[in-house]
Amino acid sequence: MDDIPWYSSFESDFNPDFGVSPPEPQSDQYQDGDTFGLSIFVRDGDRIFRTYFTDRRGVEPLSSNWALLDLTPLGRQEEWEDSPEGRPQDPPYEWWRLHDEYDEDGGSNA
Amino acid sequence: MTEHAKDRIPNPPQAVSAEEWEEARAEVLAKEKAQLRAADALAAERRRLPMVEVEKEYVLEGPEGKATLLELFEGRPQLIVYHFMYGPSSDHGCDGCSMVVTTSAIWRTCALGTPPSLSSPARRCRSWRLSSAAWGGRHPLVLVVRE
């Protein structure tokens, strides 16, 4: 995704202050204990305000994946879903891969 | 994915006449409309949320070097920031965040609107900027990673 304007908050208080990273990286945890979330800021001249924050499933609107899967009979195929008996279901998250790490059939090759 | 799921859905939906299906779909549609209206009401509440001033000056590292949070607005009144999960010692970002970014609805809209002559990555980048401007320049999507 070369086209996205990425910004790194390395060695700044930005992520810890907004509740998505621990104060210090935790080397024994996945992604050093970093997490994810969505913040909305507004500007009034040179002053900045945060109006909104969400994390965990709250970020789902950012991607079209889940909305589309929720329209299908198979759904997300995750264990927590209320699906008819016998439909395939796996633990959540574990079927996700980086885009070039799926097997040839598009499966998760788990 | 399990083997049988590729040829046929296990315990598939019941096959019915078009009329029966239309009737069942109408029931779901009514609930979908109720859900949409509820979402509209919730969005109205969100638009009335209070806000908290950001007191510190944050300096981030972007495509063109150091940038303050204020500069990320690029003169626009609103800023959407996705805090991407990417630990300092990790060699790749979180799988889920990567999927989110790859399939971002906002991003995809721009990609679909790209004329063929703007198909190279560099051009796509410019197209993204153009699309951004086409929305009145109000909603840049900025991704913040901690690497």
Side-chain angles (χ1 to χ4, degrees), chain A residues 1-10 12-15 17-18 20-21 25 27 29-43 46-52 55 59 61-65 67 73-74 77 84-88 90 93 95-99 101 105-108, chain B residues 1-2 5-6 9-13 46 49 51-54 56 58-63 67 69-70 72-73 76-90 92 94-108 121 124-125 128 140-147:
Chain A
M1 306 302 289
D2 297 336
D3 349 25
I4 294 177
W6 293 89
Y7 287 87
S8 172
S9 61
F10 184 54
S12 88
D13 296 334
F14 187 79
N15 268 359
D17 282 0
F18 293 113
V20 289
S21 295
S27 58
Q29 292 178 28
Y30 179 59
Q31 301 292 349
D32 304 309
D34 217 33
T35 63
F36 59 93
L38 188 71
S39 288
I40 310 287
F41 299 97
V42 299
R43 191 169 66 90
D46 286 346
R47 294 169 71 191
I48 301 171
F49 302 83
R50 184 155 80 149
T51 67
Y52 181 76
D55 58 3
V59 308
L62 196 60
S63 167
S64 47
N65 278 330
L74 287 175
Q77 300 181 54
E85 192 63 33
R87 302 271 170 90
D90 291 323
Y93 317 127
W95 55 277
W96 299 351
R97 296 287 180 275
L98 297 180
H99 73 93
E101 290 180 357
D105 296 331
S108 58
Chain B
M1 184 171 292
T2 42
K6 289 173 186 168
I9 294 170
N11 188 12
R46 244 181 251 126
L49 272 175
M51 61 187 185
V52 179
E53 182 151 19
V54 178
K56 274 190 212 174
Y58 296 101
V59 180
L60 309 167
E61 186 79 31
L69 186 60
L70 189 64
L72 264 58
F73 280 82
R76 300 169 173 90
Q78 301 194 116
L79 176 69
I80 302 170
V81 170
Y82 182 63
H83 304 268
F84 194 105
M85 183 176 184
Y86 201 147
S89 68
S90 183
H92 69 278
C94 147
D95 295 0
C97 286
S98 301
M99 181 169 75
V100 162
V101 168
T102 309
T103 59
S104 161
I106 298 171
W107 188 254
R108 194 53 63 89
R124 273 207 304 278
C125 180
W128 159 242
L141 175 71
V142 175
L143 298 140
V144 173
V145 296
R146 186 184 187 202
E147 59 180 20

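Every heavy atom of this structure was used, including side-chain atoms; hydrogens, water molecules and symmetry mates were not. The model shown is predicted, which means the values in this text are computed figures rather than measured ones.
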So for B:Val52, is it side chain, backbone, both, or neither that comes closer than 4.5 Å to the heavy atoms of chain A? both
Atom group of A:Pro84 that falls short of 4.5 Å from chain B, counting heavy atoms: both
From the list A:Phe41, A:Phe14, A:Phe36, A:Tyr7, ring pair (Phe, Tyr, Trp, His ring centres under 6.0 Å) partner of B:His83 resolves to A:Phe14
Whether A:Arg87 side chain and B:Ile9 backbone form a donor-acceptor pair below 3.5 Å: no
Considering only heavy atoms from C-beta outward, does the side chain of A:Val42 approach that of B:Pro77 to under 4.5 Å? no
Which atoms form the tightest heavy-atom contact between B:Leu60 and A:Ser12, and what is the distance? CD2-OG, 4.1 Å
Nearest heavy atoms of A:Phe10 and B:Pro88, plus distance in Å: CE1-CB, 4.1 Å
For B:Leu49, is it the side chain, the backbone, both, or neither that has a heavy atom closer than 4.5 Å to a heavy atom of chain A? side chain
Is a side-chain N or O of A:Arg43 found less than 3.5 angstrom from the main chain of B:Leu70, in a donor-acceptor match? no
Contacts of A:Asp55 meeting side chain to side chain donor-acceptor pair (under 3.5 Å) (sequence neighbours excluded), chain-then-number -> none
Which atom of A:Gly86 lies closest to which atom of B:Pro10, heavy atoms considered: O-CB, 3.2 Å
Distance, nearest 0.5 Å, that separates CD1 of A:Ile48 from NZ of B:Lys56: 13.5 Å
Can you tell me which of A:Phe18, A:Tyr52, A:Tyr30, A:Phe49 forms the most heavy-atom pairs within a distance under 4.5 Å of chain B? A:Phe49
Chain B interface, residue from A:Asp17, A:Ile40, A:Val59 that has the most non-hydrogen pairs under 4.5 Å: A:Asp17
Rounded at 0.5 Å granularity, tell me how far CZ in B:Phe84 sits from CG in A:Asn15. 12.0 Å
